[in-house]
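Each remark here refers to the structure printed beneath this line.
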Amino acid sequence: IDRTSNDWNNEGMSSLTVTLGGEIHAPLLETLNAVQLNLNGNGTLPIAQIKTLTGGAAVLSGASYAFPGLTDASGTAFTISGNSLDLQNVVQFAGGGITVNGAAVDMRRATNLEQASVTLSGGSINLDAASSINGASFFVNAGALSLPSARNYAHTNGNNNNTATFRANGSTAELHLGNLETVTGGDTIDDQFVIEALSGGRINLGKVTDILDPTTGDNRGRAIHVKAEGSTSRIDLSSLKTFIDRTSNDWNNEGMSSLT
């Protein structure tokens, strides 16, 4: 356990790194906090027994990896390049992050993705059970990302000047949130929520009926921006009836919402 990952003059996150054929023999290790795992397929570290990996990171490449014992990965940022990553028993992923570069990732039981960040650049990720996604951001550069269990979304990061994003960027990029019904922006000063399809990207929000700036909080500089840029870029809002911004007051950020 590292009490915090905060940097100062030196890096603040502890780490476990195996490379060049090295081995860390720790078969009883079950709980990690603010620890980064660095695995490149050229070394040995037992991971099947790990149950909790919170507030840390995992940089994975060169092989396929499975964490069958892991159920809580809250606040941990995973990066996987190629091959596959089995996180199928993870349920809690609030505040976490996952960047997928041409890999197959199984997170079929993850229900809580609140304030998480998901980036898909080729490959696939199973998030079929993710129902709690408030404050999360989703970036698709290649491939299709679907969240069929999500019904409502609110930008609830709770920090001033915070941006949440739904983005599909590129001709093969698809973001499917086809069962969302309401979308609500942030409720603190300068909060921004951006929905954008770029360079042929596609976003499915076909059941969303309402996009709302909340009635609570400090509404200065708050806005929701929806943008489709490029001849084949498309955002499906075919059920949208109401788009409300409570005020156009600027602050550090533009305060008027937009459709572009």
Side-chain angles (χ1 to χ4, degrees), residues 1-7 11-17 26 28-39 45-60 65-81 84-101 103-120 124-139 145-160 162-166 177 184 186-188 191 193:
I1 293 177
D2 189 330
R3 300 300 174 187
T4 176
S5 60
N6 293 341
D7 296 336
E11 184 177 356
M13 185 178 291
S14 297
S15 65
L16 291 167
T17 302
L28 302 181
L29 181 61
E30 295 183 344
T31 302
L32 298 93
N33 183 73
V35 175
Q36 177 167 317
L37 303 180
N38 299 303
L39 308 175
L45 171 69
I47 58 175
Q49 79 289 346
I50 295 174
K51 296 180 180 180
T52 302
L53 175 57
T54 54
V59 180
L60 311 170
Y65 299 91
F67 290 79
L70 186 62
T71 59
D72 187 354
S74 302
T76 291
F78 289 84
T79 301
I80 175 71
S81 300
S84 64
L85 173 59
D86 184 350
L87 297 172
Q88 66 173 287
N89 291 318
V90 169
V91 176
Q92 297 296 327
F93 198 58
I98 186 156
T99 299
V100 180
N101 300 308
V105 178
D106 188 350
M107 297 183 70
R108 69 182 72 179
R109 294 182 176 88
T111 58
N112 187 355
L113 265 68
E114 293 193 2
Q115 300 182 23
S117 178
V118 178
T119 301
L120 179 65
S124 63
I125 179 168
N126 184 336
L127 291 172
D128 285 355
S131 56
S132 299
I133 64 169
N134 287 343
S137 289
F138 303 99
F139 304 90
L145 176 62
S146 299
L147 294 102
S149 296
R151 297 294 186 269
N152 298 288
Y153 178 89
H155 173 7
T156 56
N157 283 338
N159 298 315
N160 294 344
N162 191 280
T163 299
T165 304
F166 293 174
L177 291 153
T184 305
D187 68 354
T188 56
D191 278 349
F193 182 34

Got a sec, which pairs hit side chain to side chain donor-acceptor pair (under 3.5 Å) with one end in residues 45-58, sequence neighbours left out?
N33-T54

Can any side-chain N or O of N134 pair as donor or acceptor with the backbone N or O of A154 at less than 3.5 Å?
yes

With rounding to the nearest 0.5 Å, note down the distance linking CG in L53 to OG1 in T71.
11.0 Å

With heavy-atom distances below 4.5 Å as the criterion, would you say the side chains of D106 and S84 are in contact?
no

Applying side-chain contact (heavy atoms from CB on, under 4.5 Å), run through L32 and T76 and close with a yes or a no.
CA-CA 10 Å; L32 298 93; T76 291; over 6 Å; no

Given side chains that start at C-beta, do those of L87 and F78 come closer than 4.5 Å, heavy atoms only?
yes

For the student: nearest non-hydrogen atoms of I125 and M107, plus distance
CD1-SD, 4.0 Å

Can you tell me how far OG of S117 sits from CZ of F93, rounded to the nearest 0.5 angstrom?
9.0 Å

L60 side, atom CG; T79 side, atom OG1 - distance, nearest 0.5 Å
8.0 Å

Aromatic ring pairing Y153/F166, orientation class (parallel under 30°, perpendicular over 60°, tilted between):
perpendicular

Suppose the criterion is side chain to side chain donor-acceptor pair (under 3.5 Å): which pairs have a residue in residues 86-96, not counting sequence neighbours?
D86-Q88, Q88-R109, N89-R109, Q92-N112

What's the shortest heavy-atom distance between L120 and S124, and which atoms?
CD1-N, 3.9 Å

Closest approach of H155 and N162, non-hydrogen atoms and distance?
NE2-O, 3.0 Å

Using atom types as modelled and distance alone, determine if a side-chain donor or acceptor of T119 lies under 3.5 Å from a backbone N or O of T99.
no

Side-chain contact, heavy-atom cut-off 4.5 Å: T165 with F139?
yes

CG (L45) and CG (L29) are apart, to the nearest 0.5 Å, by 7.5 Å

Does the side chain of L127 reach to within under 4.5 Å of the side chain of I133, using non-hydrogen atoms?
no

Could you measure the distance from the CZ atom of F193 to the OG1 atom of T184? Nearest 0.5 Å is fine.
9.0 Å

So do the side chains of Y65 and L37 get within less than 4.5 Å of each other, counting heavy atoms only?
no

Separation between OG (S149) and CG (L177), nearest 0.5 Å, reads 11.0 Å

Do you know the tightest heavy-atom contact between L113 and A136?
O-CB, 3.4 Å

Is the shortest side-chain heavy-atom distance between V118 and L147 below 4.5 Å?
no

Here the pair of heavy atoms bringing A129 nearest to R108 is CB-O, 3.2 Å

